[in-house]
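Report on the structure given below.
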Amino acid sequence: MEKFIVEGGKRLTGTVRVSGSKNSALGILVAAALADGECLLHNVPDETDIRIMIDILIELGVRVEWLEANTLRLRTAHLRSYQAPYELVRRMRASFYVAGLLLARVGKAEVPLPGGCSLGSRPVDFHLKGFQALGADVSISHGLMKAEATRLIGTKIYINRSSVGTTVNLMLAASLAEGQTILENAAKEPEVVDLAIFLNGMGARIKGAGTNVIKIDGVKKLSGTEYTIIPDRVEAGTLMIATACTRGDVVVEEVVPEHLRAVVLTLQEAGVTVEEDLTRFHVVSDRRPKAVDTETAPYPGFPTDLQQPFVALMSTADGTSIIRETIFDRFRYVDELRRMGADIKVERDTAIVRGVERLTGAPVEVTDLRAGAALLCAALGAEGATEMVGVEHIDRGYERIDQKLRALGARITRFHAEGEWPSQE
Ligand code: UD1
């Protein structure tokens with residue numbers, strides 16, 4: 001168990017650089033294993049989820065090396081196994097992407113189904129239907145998916161609900177299929193576009209990524225390439241919200257402003273000043289935010305991954321905000337925010353947040369990645385000390401977040417179970 005002690009109430013100031021996108025890197029790492037040859041990936045965030053994916057790929061026979069802090073080299077002569085290891089797969093839902101890889105490259109896949117997690121049940125039925133449509137023989141038994149296809153055959157697939165994971169998995173599978181695959185109602189997230197650009201750099205023929213119809217003309221072989229992963233829009237948004245929570249003044253650099261349009265507009269509506277140039281946001285807040293209503297939606301809507309930090313911000317807003325979550329069951333962290341004095345009522349998919357003057361530090365427990373981000377934002381703005389346990393959830397998807405925040409003036413200390421965690425600065 002790792003924990004943070006956050007002494008709240010310090011205004012964040014300065015400049016912070018955003019790391020590469022975790023969600024993009026997860027798909028791209030798996031895609032790199034489709035290549036006959038070497039891929040060099042830059043701006044890969046060094047986070048637990050990325051390390052898990054690397055370990056899975058190594059188990060399957062991919063040679064993976066860190067060349068520098070955020071640069072990876074992947075080489076795949078052949079995959080030596082079609083069975084993904086349960087112990088690693090169960091730790092992360094995105095590990096199901098190896099199903100698309102294995103089917104495309106080996107024609108056979110055995111991948112444990114991702115279990116339920118603290119976000120509730122997260123099914124993979126769309127992924128399975130897609131593999132079947134591509135001609136794979138798919139069966140499920142005792143929580144294990146077995147799929148087989150001599151060669152996948154391109155076809156038209158309608159994805160029932162805009163799903164990032166399904167779109168990614170089917171793009172991976174269809175890239176080496178015979179003929180054309182058309183994904184209808186595909187996810188439009190920037191991470192899907194990033195994957196398409198990377199795959200095309202490997203020789204794939206993908207058009208339409210970023211719209212809801214993606215056309216993939218299967219090719220016989222993909223080759224190695226070099227690529228730089230896009231900045232993490234969720235980390236950027238979290239840092240912007242953290243700045244607003246502390247009434248701070250921060251330049252968030254290495255961002256693609258277009259990827260955060262809904263977030264910027266919502267923050268501005270709350271009275272936060274956000275100015276931008278090509279790759280930076282300047283965020284300034286000097287007063288209590290105004291209450292704003294919003295609801296999460298697939299891109300370009302307000303991201304579900306920022307719903308929790310935004311609720312933390314609205315907890316001290318002037319007025320009552322209504323926040324609706326339309327993608328996942330994601331309000332369990334609210335109990336922890338209440339320990340800090342937040343006044344939040346949850347009715348099914350909606351949080352009714354009555355802003356209080358200020359939050360106060362309290363012992364809280366992090367139960368998932370984005371809940372952790374929310375509690376961290378709340379703790380930074382709160383009066384007094386917050387002890388956060390379960391910080392390893394935050395490390396899954398935020399690279400050196402405590403170091404970055406300390407550099408902005410936050411008082412945050414990391415403790416290991418036995419004592420203070422050695423600083424890596
Ligand atoms: C990805 C992101 C996650 C983000 C989410 C929504 C990664 C690694 N994770 O998750 O950070 O919060 O997109 O933007 O990129 N669904 C089904 N059946 C399926 C697949 C999905 O019912 O087979 C449902 C889900 O339960 C959810 C919705 O579709 O309600 C969207 O899920 P999806 O976009 O697939 O999320 P992930 O890819 O898991």
Side-chain angles (χ1 to χ4, degrees), residues 1-14 16 48 118 235 237-250 252 272 283 285-289 306 308-318 331-344 351 353-425:
M1 270 285 211
E2 305 236 349
K3 72 176 180 188
F4 283 161
I5 303 275
V6 183
E7 291 286 340
K10 297 293 291 178
R11 204 165 176 243
L12 296 184
T13 54
V16 61
T48 318
S118 52
E235 185 200 354
T238 305
L239 290 165
M240 293 162 81
I241 292 171
T243 303
C245 283
T246 66
R247 321 289 182 250
D249 181 344
V250 171
V252 181
V272 180
V283 185
S285 162
D286 56 6
R287 68 197 65 166
R288 246 180 115 177
L306 288 172
Q308 302 89 324
F310 191 70
V311 165
L313 176 65
M314 288 297 100
S315 297
T316 60
D318 189 3
F331 280 127
R332 292 175 202 191
Y333 67 99
V334 158
D335 287 337
E336 303 302 299
L337 273 184
R338 286 196 193 110
R339 284 184 211 282
M340 301 178 72
D343 181 354
I344 305 171
V353 189
R354 288 192 192 86
V356 295
E357 191 86 31
R358 60 172 46 86
L359 298 177
T360 44
V364 292
E365 182 172 353
V366 175
T367 49
D368 71 76
L369 172 62
R370 306 302 173 192
L375 293 170
L376 192 49
C377 287
L380 290 166
E383 200 173 81
T386 296
E387 183 180 331
M388 298 175 62
V389 296
V391 159
E392 51 281 358
H393 288 288
I394 301 181
D395 294 332
R396 284 185 41 208
Y398 288 92
E399 190 180 40
R400 294 180 288 102
I401 191 72
D402 44 333
Q403 290 179 35
K404 289 188 185 189
L405 291 168
R406 266 198 298 278
L408 295 174
R411 290 219 186 116
I412 169 167
T413 316
R414 177 184 288 257
F415 290 86
H416 193 48
E418 282 83 39
E420 195 166 334
W421 190 247
S423 166
Q424 290 160 22
E425 281 160 316

Query - Side-chain heavy-atom pair Met388, Ile394 within 4.5 angstrom cut-off - result: yes
List the atom pairs, with distances to 0.1 Å, where a side-chain N or O of residues 237-244 and a protein N or O form a donor-acceptor pair under 3.5 Å, not counting sequence neighbours.
unit_1, atom_1, unit_2, atom_2, d
Thr238, OG1, Val234, O, 2.7
Thr238, OG1, Tyr398, OH, 2.9
Thr243, OG1, Leu239, O, 2.7

Query raised in the report: So do the side chains of Pro289 and Met314 get within less than 4.5 Å of each other, counting heavy atoms only?
Result: yes
Requested in this report: Give the minimum heavy-atom separation between Ala374 and Ala312, together with the two atoms involved.
Outcome: O-CB, 3.4 Å
Report task. Report yes if some heavy atom in the side chain of Gln403 is under 4.5 Å from a heavy atom in the side chain of Arg414; otherwise report no. Result -> no
Query raised in the report: For Glu365, does its backbone N or O pair with a side-chain atom of Glu336 as donor and acceptor, under 3.5 Å?
Result: yes
Requested in this report: Assess whether side-chain hydrogen bond (donor to acceptor under 3.5 Å, both in side chains) is satisfied between Thr316 and Arg247, documenting all intermediate values.
Outcome: CA-CA 11 Å; Thr316 60; Arg247 321 289 182 250; 3.3 Å; yes
Report task. For the residue pair Leu376 and Val6, establish whether any side-chain heavy-atom pair is separated by less than 4.5 Å. Result -> yes
Query raised in the report: Do the non-hydrogen side-chain atoms of Leu313 and Cys377 ever get within less than 4.5 Å of each other?
Result: no
Query - side-chain contact (heavy atoms from CB on, under 4.5 Å) between Arg288 and Arg358, intermediate numbers included - result: CA-CA 9 Å; Arg288 246 180 115 177; Arg358 60 172 46 86; over 6 Å; no
Query raised in the report: Where the side chain of Thr246 meets the backbone of Leu380, is there a donor-acceptor pair that is under 3.5 Å apart?
Result: no
Requested in this report: For His393 and Val366, work out which heavy atoms get closest and say how close.
Outcome: CD2-O, 3.3 Å
Query raised in the report: How far does CZ of Arg370 sit from CD of Gln308, to the nearest 0.5 angstrom?
Result: 8.0 Å
Report task. Could you tell me which non-hydrogen atom of Leu359 sits nearest to which non-hydrogen atom of Ala378, and how far apart they are? Result -> CD1-CB, 3.7 Å
**Report entry** Residue pair Ala382 / Met340: nearest heavy atoms and the distance that separates them
**Finding:** CB-CE, 3.9 Å
**Report entry** Shortest non-hydrogen separation from Thr386 to Ala362 and the atoms involved
**Finding:** CG2-O, 3.1 Å
Report task. Heavy atoms only: give me the nearest Gly14-Leu408 pair and the separation to one decimal. Result -> C-CD2, 3.7 Å
**Report entry** Distance, nearest 0.5 Å, that separates CD of Glu392 from CG of Leu369
**Finding:** 12.0 Å
Query raised in the report: Is there a side-chain contact between Tyr333 and Val311 (heavy atoms, below 4.5 Å)?
Result: yes
Query raised in the report: Do the non-hydrogen side-chain atoms of Val334 and Arg338 ever get within less than 4.5 Å of each other?
Result: yes
